[in-house]
Amino acid sequence: MPRYTPAEIEARWQQAWEKDEVFNAVRAADKPKYYVLEMFPYPSGRIHMGHVRNYTMGDVIARYKIATGHNVLHPMGWDAFGMPAENAAMAIGGHPKDWTYGNIDDMRGQMKPLGLSIDWSREFATCDPAYYGQQQALFLDFLDEGLVYRKNAVVNWDPVDMTVLANEQVEAGRGWRSGALVERRELTQWFFKISDHSEELLAALDTLDNWPAKVKLMQANWIGKSRGLQFAFSTIDAPEGHDRIEVYTTRPDTLMGASFVGISPDHPLAKMLERENEDVAAFCAECRKGGTTEEAIETAEKLGFDTGIRVRHPFDTAHELPVYIANFILMDYGTGAIFGCPAHDQRDFEFATKYELPIISTYLPSEDANEVLEEAYVPAKSDKVFYNRGFAGDAWQTGEEAINAAVDFCEQNGVGQGVTKYRLRDWGLSRQRYWGCPIPVVHCDACGVVPEKKENLPIELPYDVDFGTPGNPLDRHPTWRDCACPSCGAPAKRETDTMDTFVDSSWYFARFTAPRAETPTNMEDAKYWMNVDQYIGGIEHAILHLLYSRFFARAMQITGHLPESAIEPFDALFTQGMVTHEIYELWENTAAPPVVGDGPEAEEQLKSKAMRRLNYLHPEEVIEFPNPNKHSHTNVLAVLKSSADEEAIGSSDHKNLYELYVRERKFSGKNREVIIIPSAKMSKSKKNVVDPLHIISNYGADTARWFVLSDSPPERDVEWTASGADAAFKHLTRVWNICDRIGEMDKDAKGQGDDDLLRAMHKTIHDVTMGVESFGFNAAIAKLYAFTATLQKSKAGYAAQREAIMTLAQLMSPMTPHLAEDIWAHQGGTGLIVTAPWPKADEAMLVDDTVTLPIQVNGKRRAEIQVPADMPKEDVEKIALAHEAVVRSLDGAAPKKVIVVPGRIVNVVA
RNA sequence: GCGGGCGUGAUGGAAUGGUAGACAUACCAGACUUAAAAUCUGUUGGGGCGUAGCCCCGUGUGGGUUCGAGUCCCACCGCCCGCACCA
């Protein structure tokens with residue numbers, strides 16, 4: 001009997017697909033188009049199970065769409081710029097370009113054996129000059145349209161390495177290489193005017209019907225539209241030019257609870273005081289320590305500095321408030337100044353407590369509530385509260401009503417204006433790094449900042465750079481900066497900043513529609529292929545990447561690079577989960593004398609000893625086995641493979657391993673134990689990374705693909721288990737063996753149960769189709785398991801069994817395409833299965849004549865009846881009430897009510 | 001700190017507001033075998049009783065809506081993701 005040999009059949013069918021060019025996307029009017037795209041990978045050099053899962057999901061969709069008669073575009077490329085390449089150059093030498101292209105070759109080589117339905121003829125990397133040159137052209141067009149501008153912004157500055165650090169290079173407020181305390185420093189940077197599109201980007205979220213609601217909500221919160229009041233406090237004893245402080249508040253209804261005014265350390269008034277007063281300067285310097293992330297700022301201890309300046313309350317000029325410089329106020333949001341209302345904001349409450357400022361309630365939960373607060377009183381804006389210090393609207397009103405009333409009141413009394421603001425800031429794209437797309441502008445002494453001419457594009461990165469010292473090598477390059485001013489021709493200097501890598505990934509989806517075009521896009525191709533019908537990627541991109549891409553699509557429409565119809569580039573979005581794996585930790589008693597002996601005393605002693613994690617272990621370094629001690633909470637134990645002898649490993653009863661485990665833990669000189677941490681994100685440092693190449697060489701790509709789809713719902717994390725992969729392989733072998741068996745059958749053989757088999761088949765067609773359409777891959781696979789079991793046991797005749805196995809192959813083909821092709825060929829199917837039309841479920845075969853109805857009494861299941869599917873409600877009710885179990889439950893009482901849901905359930909209310 | 005999500009047997013999970021635990025793993029038992037592997041079959045949420053059967057409890061915790069809640073609402077607990085220079 002021939003065997004299932006994935007290594008052989010997978011290579012064969014991949015060649016067949018390549019020969020027929022079945023995945024080459026062709027622009028043609030004969031069929032509807034379908035564009036499926038997975039977020040392209042960073043070329044780290046190794047694919048991991050997360051990639052396998054991500055691309056397999058996209059592949060299932062792509063293959064399903066091919067089978068249902070679409071021209072499918074399913075491209076692949078590389079998000080190839082970024083810091084890891086420069087870090088590698090610094091750490092191990094070599095050049096970022098060589099490192100990156102080497103990695104791309106490696107990863108492509110690792111991906112191809114997966115048998116993905118990718119049109120490789122469209123492949124590109126963002127570090128190809130042909131790609132980033134077009135990106136520079138886009139930048140120039142954006143500049144022309146006023147979508148790009150320059151302004152100052154803060155960066156993480158490492159004062160020892162004299163370089164700008166990324167947020168991830170700041171560890172606990174210190175530079176990762178130098179260990180120096182990081183400072184915030186201002187630089188002139190390029191910005192995209194994304195904030196001009198805040199309202200539009202927010203409003204258009206409503207049109208994205210096939211995006212997850214959580215992603216839309218996260219984007220809406222990120223854009224952060226708020227209506228509030230902007231007004232000015234007039235100052236007392238302030239330096240000249242600062243007789244007013246403009247503040248913005250979303251809670252003008254709490255104005256009577258104001259107890260201080262806070263300004264950002266970067267506020268113009270703070271900066272002026274800083275120049276004149278050493279104490280202020282010292283305080284502002286203190287505030288500028290630490291990273292630039294919102295998280296770092298929000299979680300830092302709240303600090304304030306009393307400037308001595310005071311302001312008058314707008315409603316009561318006799319009431320004066322102190323002005324503090326405070327480290328938690330951001331210059332980027334609002335006006336960089338706020339009034340603090342400690343009674344209704346927890347941050348302000350803590351600040352007021354620390355600096356002994358008054359805490360004044362403006363509203364209370366009830367008219368007689370205690371005004372002395374333990375913490376800030378912050379009810380939902382939609383709750384009705386009692387305004388004890390209201391000044392507009394009713395005494396009892398919701399926060400929302402009070403805010404509107406307060407804005408109206410203030411406007412009428414000339415105390416400010418209602419304004420709408422957005423939290424969304426402009427997108428800073430300048431990076432002081434080498435391995436990125438050069439910003440195509442020139443600095444000329446005479447002409448200032450001048451855009452490069454398009455005919456000079458691409459402005460290519462020089463190859464001869466050194467990474468011996470931190471910082472941007474472009475800055476140090478002896479000649480690259482030198483150029484002629486595009487405007488006046490005089491000697492000038494190139495911009496040495498490069499672009500944020502988010503720019504690269506904000507339009508690659510459009511480039512895939514015409515990857516070799518001499519312009520960023522080709523309008524005809526863009527019109528045909530856009531939008532992306534199904535986009536697939538991680539939830540970690542829910543905000544930035546997706547928001548930036550939405551902005552770019554608009555900007556590209558404005559500059560004539562995308563049609564109007566493509567301003568929302570992703571019709572449907574799916575966010576998949578991660579692949580996780582157990583972590584194995586080796587713990588040892590490193591400090592105390594070893595514990596010896598057995599029994600409870602030894603156990604107690606072990607608990608009290610200083611057991612420490614010594615290191616992490618690779619999955620190959622441990623042997624797992626079931627815990628024979630059934631009373632323990634731990635079901636699986638593990639020992640070091642190196643400690644176990646051959647016999648113990650080979651033996652099927654786990655006695656020897658358990659004895660070894662006990663011996664190592666209690667009797668060895670080290671009290672050594674392997675601890676299993678379930679389900680953690682795969683990470684190199686924790687050594688819980690499973691290499692897909694191993695899986696593919698051991699089991700084949702189809703097994704890897706089947707497993708990553710089968711075990712968890714796609715939006716959730718999947719736990720990689722060796723036994724799961726094993727089971728997937730066994731199942732595929734089983735299917736192959738069934739195919740072989742049917743192939744050996746007598747072609748004229750008649751059997752029993754043809755109709756049952758075909759009914760089960762049509763139900764499976766229906767269920768799997770629904771599953772694939774709705775990303776319910778794991779549920780679809782469960783149905784395929786069930787149908788395989790049915791087919792395996794079937795005694796049906798040859799014709800029915802052949803139809804069943806061929807349909808099974810078709811339904812499996814998006815997940816396990818190689819095995820499916822092989823079965824198809826084995827059974828004499830026409831052409832390739834990949835291009836065969838998707839099977840259709842026969843509606844008539846889906847309905848059963850009789851149904852099983854559960855009968856509940858008061859919501860608890862008590863019985864079950866079989867009735868014809870079309871039996872009238874009244875008759876069902878009669879049968880249900882007559883049922884022995886129901887009679888017993890009712891105990892003679894008359895039912896109050898009977899609910900009959902046809903085809904579903906009967907509930908008797910006693 | 002802020003924003004978003006998730007939580008179901010030993011494990012991964014299934015379940016348009018309608019029989020909780022499909023399917024798979026693991027374990028246990030059986031068949032085949034000299035034996036093992038492989039393969040196949042079967043059992044398995046917890047507790048109880050008068051054990052062909054029946055009853056009680058059970059979807060992180062506590063409340064609520066409903067004839068009926070894993071599913072909807074509120075509060076809490078735990079874990080995960082994002083926070084603008086990681087990609």
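None of these values were measured; they are calculated from a predicted model.
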Separation between the P atoms of B:U44 and B:G53, rounded to whole Å: 12 Å
base_contact_polar (B:C85 base, A:Gln189 side chain, donor-acceptor, <3.5 Å): yes
P spacing across the pair B:A14 / B:A31, given as an integer number of angstrom: 36 Å
Side-chain-base donor-acceptor pair under 3.5 Å for A:Arg862 and B:U19: no
5'-most by nearest nucleotide on RNA chain B - A:Phe81 or A:Lys214: A:Lys214
Sugar-phosphate, base or nothing in reach of A:Lys730, heavy atoms under 4.0 Å: sugar-phosphate
Between B:A75 and B:A87 - C1' atom distance, rounded Å: 38 Å
Atom pair CG (A:Leu303) and CG (A:Asn327), whose distance is rounded to the nearest 0.5 Å: 4.5 Å
A:Arg431 side-chain N/O to B:C85 phosphate OP1/OP2 under 4.0 Å: yes
Sugar-phosphate, base or nothing in reach of A:Val170, heavy atoms under 4.0 Å: nothing
B:C83 OP1/OP2 closer than 4.0 Å to side-chain N/O of A:Thr293: no
Note, A:Glu38 side chain near A:Met76 side chain (heavy atom, < 4.5 Å): yes
Among B:C86, B:G82, B:C23, the nucleotide that comes nearest once only the side chain of A:Glu168 is considered: B:C86
Whole-Å C1' distance, B:G9 and B:G70: 14 Å
Touch class at under 4.0 angstrom, heavy-atom based, for A:His731 against every strand present: nothing
Nucleotide opposite B:G1 in a Watson-Crick or G-U pair, distances under 3.5 Å: B:C83
Shortest side-chain distance from A:Glu295, nucleotide among B:C56, B:U19, B:G1: B:G1
Aromatic plane relationship, A:Tyr785 with A:Trp706 - under 30° parallel, 30 to 60° tilted, over 60° perpendicular: perpendicular
Any-strand Watson-Crick or G-U partner of B:G53, both distances under 3.5 Å: B:C49
Donor + acceptor pair across side chains of A:Ser505, A:Asp79 (<3.5 Å): no
Touch class at under 4.0 angstrom, heavy-atom based, for A:Lys302 against every strand present: nothing
Whole-angstrom distance between B:G13 and B:A84, as gauged at atom P: 30 Å
Sugar-phosphate only, base, or nothing, as touched by A:Thr299 at under 4.0 Å among non-hydrogen atoms: base
Pairwise P distance for B:G4 and B:C23, with rounding to whole Å: 38 Å
Touch class at under 4.0 angstrom, heavy-atom based, for A:Arg734 against every strand present: sugar-phosphate
Parallel, tilted or perpendicular: rings of A:Phe552 and A:Phe192 (30°, 60°): perpendicular
Candidates B:U41, B:A22, B:C85 - which lies nearest the side chain of A:Asn156: B:C85
Side-chain donor-acceptor distances from residues 541-551 of chain A under 3.5 Å, at least two apart:
residue, atom, partner, partner atom, Å
A:His545, NE2, A:Tyr535, OH, 2.7
A:Ser549, OG, A:His545, O, 2.9
A:Arg550, NE, A:Glu568, OE1, 3.0
A:Arg550, NE, A:Glu568, OE2, 3.2
A:Arg550, NH1, A:Leu201, O, 3.2
A:Arg550, NH1, A:Gln219, OE1, 2.8
A:Arg550, NH2, A:Leu201, O, 2.7
A:Arg550, NH2, A:Glu568, OE2, 2.8

Touch class at under 4.0 angstrom, heavy-atom based, for A:Gly428 against every strand present: sugar-phosphate
Given B:G1, B:G13, B:U19, the nucleotide with the shortest approach to the side chain of A:Glu298: B:G1
Minimum-distance nucleotide to A:Met218 side chain [options: B:A87, B:C83, B:G3]: B:G3
Glycosidic conformation of B:G9, taking syn as within 90° of 0 and anti otherwise: syn
No-H, no-angle donor-acceptor pair, A:Gln432 side chain to B:C85 base, under 3.5 Å: yes
Touch class at under 4.0 angstrom, heavy-atom based, for A:Gln169 against every strand present: nothing
Side-chain N,O (A:Lys860) to OP1/OP2 (B:G68) below 4.0 Å: no
Whether A:Phe328 and A:Phe351 hold their rings parallel, tilted or perpendicular, with breakpoints at 30° and 60°: perpendicular
Any A:Asn858 side-chain N or O less than 4.0 Å from OP1/OP2 of B:G68: no
Beyond-backbone contact of A:Asn778 with A:Pro714, side-chain heavy atoms, under 4.5 angstrom: yes
Sugar-phosphate only, base, or nothing, as touched by A:Val164 at under 4.0 Å among non-hydrogen atoms: base
A:Asn778 side-chain N/O to B:A14 phosphate OP1/OP2 under 4.0 Å: yes
Sugar-phosphate, base or nothing in reach of A:Leu784, heavy atoms under 4.0 Å: nothing
A:Ser195 and A:Asp426 side chains, donor-acceptor separation under 3.5 Å: yes
Touch class at under 4.0 angstrom, heavy-atom based, for A:Trp222 against every strand present: base
Given B:U41, B:G5, B:G1, the nucleotide with the shortest approach to the side chain of A:Leu217: B:G5
Sugar-phosphate, base or nothing in reach of A:Arg423, heavy atoms under 4.0 Å: base
Closest nucleotide among B:A84, B:G18, B:G1 to the A:Ile905 side chain: B:G18
Pairing nucleotide - B:C6, Watson-Crick or G-U, each distance under 3.5 Å: B:G78
Minimum-distance nucleotide to A:Ala782 side chain [options: B:A22, B:A84, B:G4]: B:A22
Sugar-phosphate only, base, or nothing, as touched by A:Phe328 at under 4.0 Å among non-hydrogen atoms: nothing
Touch class at under 4.0 angstrom, heavy-atom based, for A:Ser430 against every strand present: base
For B:U66, the Watson-Crick or wobble counterpart (both distances under 3.5 Å): none
A:Arg861 CZ - B:G58 P separation (whole Å): 17 Å
C1' atoms of B:C85 and B:A24, separation to the nearest Å: 44 Å
Shortest side-chain distance from A:Glu294, nucleotide among B:A20, B:C83, B:C86: B:C83
5' priority, RNA chain B, between A:Val908 and A:Arg904 [closest heavy atom]: A:Arg904
Nearest-nucleotide pick for A:Asn167, side chain only, options being B:G5, B:A87, B:C85: B:C85
A:Lys795, NZ atom: more than 12 neighbouring heavy atoms under 6.0 Å: no
Distance between P atoms of B:G21 and B:U33 (Å, rounded): 38 Å
B:G30 - base-pair partner by Watson-Crick or wobble geometry, distances under 3.5 Å: B:C40
